[in-house]
Amino acid sequence: MKRAVEKALRDALSAIGADASGPIEIQIPKDETHGDLASPIAMGLAKELRKSPRAIAEDIAAHISERAADTFTRVEVAGPGFLNFTFSPDFLHKGALGILNKGKEHFSSDVGAGTRVQVEFVSANPTGPLHLGHGRGAALGCALSNLLEAAGYEVVREYYVNDAGRQVSLLGQSVFARYQELLGNSYPIPEDGYKGDYISDAAQSILDKEGDKHKGSSFEDASSFFIDTSLGLMLDVIKEDLADFGVSFDSWQSERALHDEGAVKHAIDFLAGKGLIYEEGGARWFRAEDFGDDKNRVVIKADGNHTYFASDIAYHLKKVESGFTEVIDIWGADHHGYVPRMEAVMDALGPGREHLKVLLVQMVSLLRGGEPVQMSKRSGNFVPLKEVMEEVGADTTKFIFLTRRHDSQLSFDLEVAKAESSENPVFYIQYANARISSIFRKASDVGVLTNNLENADLSPLTDNDELRLIRKLLSYRMTLEGAALAREPHRLTFYLQELAGLFHPFYKHHRVLTEDAGLTTARLALCEAVRVVIRHALGVLGISAPDRM
RNA sequence: GCGCCAGUAGCUCAGCUGGAUAGAGCAACGGCCUUCUAAGCCGUAGGUCAGAGGUUCGAAUCCUCUCUGGCGCGCCA
């Protein structure tokens, strides 16, 4: 749809002697009386051509009207110089059939052009179950990855496992303490150790498998066993949470492995070779200030241990060396202070900060009827994603996350989420799909043929409800591409609400299965096209599309 | 103190790479089920886009300041 207008505009621009090679802005007007698509292009050309915007627009409109009468029923100039395009029913009919003909292929676009992108998300410390904030990152990362893939990028979804350092050691020690407790020994839980039920569960599971083998051992003796085993159990917990949430990864990168394979040393040597590492106070520092950070940063501490930052440098060097053109990191907003130093790293490593995009996911506060939810003592100091999923469902939870920009704070009210569930926008969309499936079931019951719809004659579709629906379907690709380029999957949730908002009135006011065979076939084809788009978009968002509700 | 994100209808949020009269859902109010699913449809009402300046033909959108809320400023991870 957009392509047709763009092509017409480029032809017209070169005909009137304007530059036709630049980007052309095309938008969907808010007001239906302003046509199907509009362009403000003439306003921008006023200076260059030294003519009034309206005069330029008139020239363009005249040129296009003469040449593309079968595509547009109207090309008009409006307001200060907008060009408004209205498509012919014939063009719309052909477009709708195109969706049926090519299916998914119709939407897969070339804006990504095979660019290799890595999306790293969740990456929660493997020290306990995922909490609600991780869920937001998971929903975004999953949807964004799918979206980029649909737009023609080559995507790798990665989870970075922080399995080295103090936190996992603390985890092992916490589990060890519970294990000893189960055996009647008192062993102090480390001061900032982990205290949730899942720690006791892990201890019990070790006891079940290993018996009292480690009874009375000191933690020093048993540390590597307890750390590794606890780590494995926690990763299982996380993977289960992710599976329940319907989010999957292509790759799991272990921090420990980065050390073991020498990647950290390699990265520091690499920077040192560029003269970007120096020593001071017994520590080794990276010259982050040279790349716009507030201060230089320690990579090796005076005690000889590396910092977390050192692993991150190695990790990003590995990403760069793996040939990703773009690296997207999805982090919680509490890490935003970390962005300048990672951008500095990307500059220092060579490719430059423009190849790194950090998406900060703002905090989620959980409310119940307007009141902050008390942190459950059972789970530790956070709200587990699992509990929220059990209460309101994975689809609704994802949808709530995905109807907001990632950088706006979100209050997640359980009462609202549940109270809405009967009138929830996600059901509104799924219901449209279920209704269509129901029509097809009915059609097959009464013996109406539903095959070969991609060759149907759509000319009986002349009602405004029908044409509006088709226009919306044809704008899907444009929406998808725009969302992908902006890295904003939430645009699809709004698109879907609008599409469903056109389908339901159509359904209410027009019977699909009628006495008129030609009309019936045409409407079935329209319904099928709607279903194809809804399923595709829900698929991108990682939300289910049930056939019955 | 410095920095990042935000402030749009009663509530939750879109709209922000400047464009036409500021949108949706929920909540409120009034209607609609003998025909493919009423988780639906039709209608009414609801706004000083936090505030003040500035840039522009045009500002919710860009710039400056102020106010409010959240978060961050370790040889922690």
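A donor and an acceptor atom sit less than 3.5 Å apart, one in the side chain of A/Gln409 and one in the base of B/G69.
Separation of the A/Phe87 and A/Phe72 ring centroids falls under the 6.0 Å cut-off. For A/His504 and A/Tyr431, the distance between ring centers is under 6.0 angstrom.
Rounded to an integer number of Å, the gap from A/His509 NE2 to B/C32 C1' is 10 Å. The nearest whole Å value for the distance from the CG atom in A/Leu524 to the P atom in B/C36 is 15 Å. To the nearest angstrom, P of B/C57 lies 16 Å from CD1 of A/Ile56. Residue A/Gln27 contributes atom CD, which lies 9 Å from atom C1' of B/A20 at whole-angstrom precision. Rounded to whole Å, the distance from CG on A/Leu513 to P on B/C36 is 10 Å. Between the CZ atom of A/Phe401 and the C1' atom of B/C13 there is a distance of 15 Å, given to the nearest Å. The interatomic distance linking A/Arg468 (CZ) with B/C41 (C1') rounds to 14 Å, in whole Å. Between the C1' atom of B/A24 and the NE2 atom of A/His490 lies a distance of 13 Å, rounded to the nearest Å.
For residues 499-508 of chain A, there are no salt bridge (Lys or Arg N to Asp or Glu O under 4.0 Å) pairs, not counting sequence neighbours. Sorted by first and then second residue, the salt bridge (Lys or Arg N to Asp or Glu O under 4.0 Å) pairs with a member in residues 278-291 of chain A form an empty list; sequence neighbours excluded.
Side-chain polar atoms of A/Tyr308 and A/Asn162 form a donor-acceptor pair below 3.5 angstrom. For the 3.5 Å distance criterion, the side chains of A/Tyr194 and A/Gln173 fail to qualify, holding no donor opposite an acceptor.
Within the 4.0 angstrom heavy-atom criterion, base atoms lie near A/His34. In this structure, A/His510 reaches the bases: a heavy-atom distance under 4.0 Å links it to at least one base atom across the strands shown. Among the protein residues, A/Ala432 comes within range of no part of the nucleic acid, since none of its heavy atoms lies under 4.0 Å from any strand. Residue A/Phe494 is in sugar-phosphate contact alone, with no base atom involved, counting any heavy-atom pair closer than 4.0 Å across all strands shown. Counting non-hydrogen atoms under 4.0 angstrom, A/Pro40 reaches nothing in the nucleic acid. As judged by a 4.0 angstrom heavy-atom cut-off over every strand, A/Tyr507 is placed among the base-contacting residues. The residue A/Asp407 sits close only to the backbone: its heavy atoms come under 4.0 Å of sugar-phosphate atoms, none of a base. No contact: A/Ala486 has no heavy atom under 4.0 Å from any strand.
For A/Val512, the side-chain atoms get nearest to B/C36 when compared with the rest of B/A38, B/A20, B/C36. Listed nucleotides B/C5, B/U35, B/G25 differ in distance to A/Arg511; the shortest reach to its side chain belongs to B/U35. With B/C71, B/G15, B/C41 as the candidates, the nucleotide lying closest to the side chain of A/Glu488 is B/G15. Of the candidate nucleotides B/C36, B/G70, B/A20, B/C36 has the atom lying nearest to any side-chain atom of A/Lys442. In the set B/A24, B/C13, B/C4, B/C13 carries the atom at the smallest distance from any side-chain atom of A/Leu410. Checking B/A38, B/G19, B/G70 against the side-chain heavy atoms of A/Met43 singles out B/G19 as nearest.
A/Arg468 is linked by a side-chain hydrogen bond (donor to acceptor under 3.5 Å, both in side chains) to A/Glu32, A/Asp465, counting only residues two or more places apart in sequence or in another chain. The side-chain hydrogen bond (donor to acceptor under 3.5 Å, both in side chains) check on A/His336 picks up nothing, with sequence neighbours excluded. In this structure, the salt bridge (Lys or Arg N to Asp or Glu O under 4.0 Å) partners of A/Asp407, at least two apart in sequence or on a different chain, are A/Arg405. By the salt bridge (Lys or Arg N to Asp or Glu O under 4.0 Å) test, A/Lys357 pairs with no residue at all, sequence neighbours left out. When the side-chain hydrogen bond (donor to acceptor under 3.5 Å, both in side chains) test is applied to A/Asp294, no partner is found at least two apart in sequence or on another chain. Checked against side-chain hydrogen bond (donor to acceptor under 3.5 Å, both in side chains), A/Thr521 has no partners two or more places apart in sequence or in another chain.
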Please list, for nucleotides 60-62 of chain B, all pairs of protein and nucleotide N/O atoms separated by less than 3.5 Å.
none

Taking only N/O atoms, report every protein-nucleotides 74-77 of chain B pair under 3.5 Å with atom names and distance.
{"from": "B/C75", "atom 1": "O2", "to": "A/Ala302", "atom 2": "N", "distance (Å)": "2.8"}
{"from": "B/C75", "atom 1": "N4", "to": "A/Gly281", "atom 2": "O", "distance (Å)": "3.2"}
{"from": "B/C76", "atom 1": "OP2", "to": "A/Lys301", "atom 2": "NZ", "distance (Å)": "3.1"}
{"from": "B/A77", "atom 1": "OP1", "to": "A/Lys301", "atom 2": "NZ", "distance (Å)": "2.9"}

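B/G15 and B/U34 have their C1' atoms separated by 44 Å, given to the nearest Å. B/G47 and B/G7 are spaced 15 Å apart, taking the C1' atom of each and rounding to whole Å. Distance check on atom P: B/G18 versus B/C32 gives 49 Å, rounded to whole Å.
Using a 4.0 Å cut-off, no side-chain N or O of A/Ser408 falls inside it from OP1 or OP2 of B/G70. At B/C41, one or more side-chain N or O atoms of A/Tyr428 fall inside 4.0 Å of OP1 or OP2 (strictly under the cut-off). Listed pair A/Arg405 / B/A6 fails the phosphate criterion, with no side-chain N or O lying under 4.0 Å from OP1 or OP2.
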Counting only pairs under 3.5 Å, give me each side-chain donor-acceptor contact of residues 442-451 of chain A, with atom names and distances, residues two or more places apart or in other chains.
{"from": "A/Ser444", "atom 1": "OG", "to": "A/Arg441", "atom 2": "O", "distance (Å)": "3.4"}

Take A/Ser437 and A/Arg531, measure what side-chain hydrogen bond (donor to acceptor under 3.5 Å, both in side chains) needs, and give me the verdict at the end.
-> CA-CA 8 Å; A/Ser437 295; A/Arg531 184 159 70 164; 3.2 Å; yes
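Secondary-structure stems of RNA chain B, taken as three or more successive Watson-Crick or G-U wobble pairs (i with j, i+1 with j-1) under a 3.5 Å distance threshold, comprise B:1-7 with B:67-73, B:10-13 with B:23-26, B:28-32 with B:40-44, B:50-54 with B:62-66.
The ring of A/Phe82 lies on top of the base of B/A20, close enough and flat enough: under 5.5 Å between centres, under 30° between planes.
Nucleotide B/C33 carries a syn base; the chi torsion (O4'-C1'-N9-C4 or O4'-C1'-N1-C2) is within 90° of 0.
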